[in-house]
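Since the structure comes first, as structure tokens, the remarks are kept for the end.
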Protein chains: 2
Amino acid sequence: MTVDILGAMQSAGARLTAPRRAVARVLSESHGWMSAEAITARARRHCPSIGLVTVYRTLELLESLGIARRVHGPTGCHGYALASIDDGHFIVCRACQQVIEFEGCDVDRVVRRVTRQTGFQVEAHMLELVGLCPDCGARHRTARRKP
Amino acid sequence: MTVDILGAMQSAGARLTAPRRAVARVLSESHGWMSAEAITARARRHCPSIGLVTVYRTLELLESLGIARRVHGPTGCHGYALASIDDGHFIVCRACQQVIEFEGCDVDRVVRRVTRQTGFQVEAHMLELVGLCPDCGARHRTARRKP
DNA sequence: GTACTTGCAAATAATTTGCAAATAT
DNA sequence: ATATTTGCAAATTATTTGCAAGTAC
């Protein structure tokens with residue numbers, strides 16, 4: 001595990017249980033975002049008794065610790081992925097659900113401008129890029145060449 | 001109605017029905033985002049027989065025409081608001097749900113950088129700012145002064 | 001007149017809550 | 001020992017679908 005999820009949970013006063021370890025492991029082994037359902041299925045490999053509810057609760061915990069973040073699709077907000085960068089953002093592949101995190105979103109300039117123009121006091125922002133990862137992009141181009 | 005929603009629907013080949021007029025009117029009179037449920041309730045004033053399902057279908061239509069856009073909250077994606085600017089973005093007041101649209105998000109620079117760094121081919125982006133509108137901000141400060 | 005729309009009821013999907021049993025510390 | 005955590009079943013909330021009746025054009 002790149003990020004010390006277990007350590008972070010422990011320092012936060014949360015108990016290290018088998019279900020939580022399982023969710024942490026699944027998330028850290030995933031290179032994309034996963035639905036709660038998918039996480040549950042995978043997590044059962046390491047903790048057969050785990051239920052969907054516990055996964056939701058663990059995700060909630062990880063989210064509050066800034067370790068996981070929701071991935072919003074145009075259809076809804078149905079995914080979770082690990083977030084190692086503080087205030088980082090995701091770029092998501094629409095084909096294979098791969099997620100890469102990036103930091104520095106240059107949004108400060110916009111925030112300043114919009115603050116000035118609207119009088120709003122901006123507290124948070126949400127940025128997500130969607131597209132095709134290199135592999136899916138290549139596959140896509142190949143597919144189009146010979147329809 | 002600032003934007004000619006009805007005209008746009010008509011040009012798209014959609015029929016101008018009472019329920020659709022009602023939804024268009026409600027959305028255009030709203031200064032914030034509204035849930036499908038809330039839109040239905042308001043729309044009944046103009047079209048008493050309207051049902052939630054039709055509202056969802058109308059919103060889907062308006063969204064496909066680029067006239068309405070979903071508002072994503074941290075908790076989910078449960079709102080809709082009018083979108084007059086092509087490729088515009090929202091700044092949302094977390095207290096009163098007021099929504100103001102702004103354009104130009106300076107995201108191009110980030111997109112170019114992330115494209116270079118990840119090899120992703122970016123097709124879309126999603127940006128939303130959350131904060132307090134001037135009124136709610138003032139109210140908030142007043143409330144804190146005398147707790 | 002006909003193809004598009006509507007509204008209902010029911011289906012599906014996503015997430016949350018109550019609570020007794022299990023367990024990490 | 002004890003407060004936290006789990007998993008189930010059931011409740012909620014959000015959204016979609018099938019279909020007969022209604023309606024804009």
Side-chain angles (χ1 to χ4, degrees), chain A residues 5-26 33-65 68-81 97, chain B residues 5-26 33-65 68-81 97:
Chain A
I5 308 180
L6 303 182
M9 285 201 279
Q10 208 159 28
S11 334
R15 293 184 178 176
L16 274 196
T17 64
R20 285 179 178 168
R21 286 170 197 276
V23 171
R25 186 161 165 188
V26 167
W33 62 264
M34 298 181 75
S35 67
E37 193 84 50
I39 293 172
T40 308
R42 285 297 232 94
R44 273 198 228 279
R45 294 185 186 177
H46 311 116
C47 175
S49 71
I50 197 173
L52 184 57
V53 179
T54 301
V55 171
Y56 272 112
R57 286 192 276 226
T58 304
L59 287 172
E60 192 185 353
L61 169 65
L62 293 178
E63 210 182 346
S64 74
L65 296 177
R69 233 189 322 262
R70 279 173 202 247
V71 178
H72 298 249
T75 330
C77 324
H78 302 320
Y80 292 85
Q97 307 190 339
Chain B
I5 308 181
L6 303 182
M9 285 202 277
Q10 208 159 28
S11 335
R15 292 183 179 176
L16 274 196
T17 64
R20 285 180 179 165
R21 286 169 197 277
V23 171
R25 185 162 165 187
V26 168
W33 63 264
M34 299 182 75
S35 67
E37 195 82 51
I39 293 171
T40 307
R42 284 299 231 91
R44 274 199 227 278
R45 293 185 187 176
H46 311 116
C47 174
S49 71
I50 197 172
L52 183 58
V53 179
T54 300
V55 171
Y56 272 112
R57 286 192 277 228
T58 304
L59 287 173
E60 192 185 353
L61 169 65
L62 292 178
E63 211 184 344
S64 74
L65 295 178
R69 236 192 316 267
R70 279 173 202 248
V71 178
H72 299 249
T75 329
C77 323
H78 302 319
Y80 291 85
Q97 307 190 339

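Here is how names work: the chains are called A, B, and so on, in the same order as the sequence lines, proteins then strands, and each is numbered from 1. This is a predicted model, so every value here is computed, not measured.
- A sub-4.0 Å separation between OP1 or OP2 of C/dC4 and a side-chain N or O of B/R57 is absent.
- Separation of atoms CE (B/M34) and CG (B/L59) is listed at 10.0 Å; rounding is to 0.5 Å.
- Going from atom NE2 of A/H72 over to atom NE2 of A/H78 covers 10.5 Å, rounded to the nearest 0.5 Å.
- The CZ atom of A/R21 sits 14 Å away from the P atom of C/dT23 (whole-angstrom rounding).
- One can place CG of A/L59 at 15 Å from P of D/dT5, the figure rounded to the nearest angstrom.
- With the end axes of the helix from C/dG1-D/dC25 to C/dT25-D/dA1 each set by five pairs, the angle from one to the other reads 40° at 10° resolution.
- Taking CD1 of B/I39 as the reference point, atom CZ of B/R42 lies at 10.5 Å (rounded to 0.5 Å).
- Pairing each heavy atom of A/P19 with each of A/T54, the nearest pair is CB-CG2, 3.8 Å.
- Applying the side chain to side chain donor-acceptor pair (under 3.5 Å) criterion to A/E60, with sequence neighbours excluded, gives no partner residue.
- B/T40 and B/I50 make their closest contact through O-CG2, 4.1 Å (heavy atoms, listed as atom of the first residue, atom of the second, distance).
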Report all interatomic pairs (protein N or O, nucleotide N or O of nucleotides 13-15 of chain C) with separations under 3.5 Å.
{"residue": "C/dT15", "atom": "OP1", "partner": "A/C77", "partner atom": "O", "Å": "3.2"}
{"residue": "C/dT15", "atom": "OP2", "partner": "A/Y56", "partner atom": "OH", "Å": "2.6"}
{"residue": "C/dT15", "atom": "O5'", "partner": "A/Y56", "partner atom": "OH", "Å": "3.4"}

Nucleotide N/O of nucleotides 9-12 of chain D paired with protein N/O under 3.5 Å:
none

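- Side chain of A/R69 to backbone of A/A81: no donor-acceptor contact under 3.5 angstrom is found.
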Would you tabulate the nitrogen or oxygen pairs shorter than 3.5 Å linking the protein to nucleotides 20-24 of chain D?
{"residue": "D/dA24", "atom": "N3", "partner": "B/R15", "partner atom": "NH1", "Å": "3.0"}

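- Taking the side chain as every heavy atom from C-beta outward, A/R45 and A/V26 never approach each other to under 4.5 Å.
- In this structure, CZ in B/R21 is found 6.0 Å from CG in B/L6, a value given to the nearest 0.5 Å.
- The side chain of A/Q10 contributes an N or O atom lying less than 4.0 Å from OP1 or OP2 of C/dT25.
- For B/R70, the salt bridge (Lys or Arg N to Asp or Glu O under 4.0 Å) test picks out B/E63, with sequence neighbours left out.
- Counting only distance, with no hydrogens or angles, the side chain of B/R25 and the backbone of B/A43 share no donor-acceptor pair below 3.5 Å.
- A heavy-atom distance below 4.5 Å is not found between the side chains of A/L65 and A/I5.
- At least one side-chain heavy atom of B/R20 sits less than 4.5 Å from a side-chain heavy atom of B/L61.
- Across all strands, B/S35 comes closer than 4.0 Å to no nucleic acid atom at all (heavy-atom distances).
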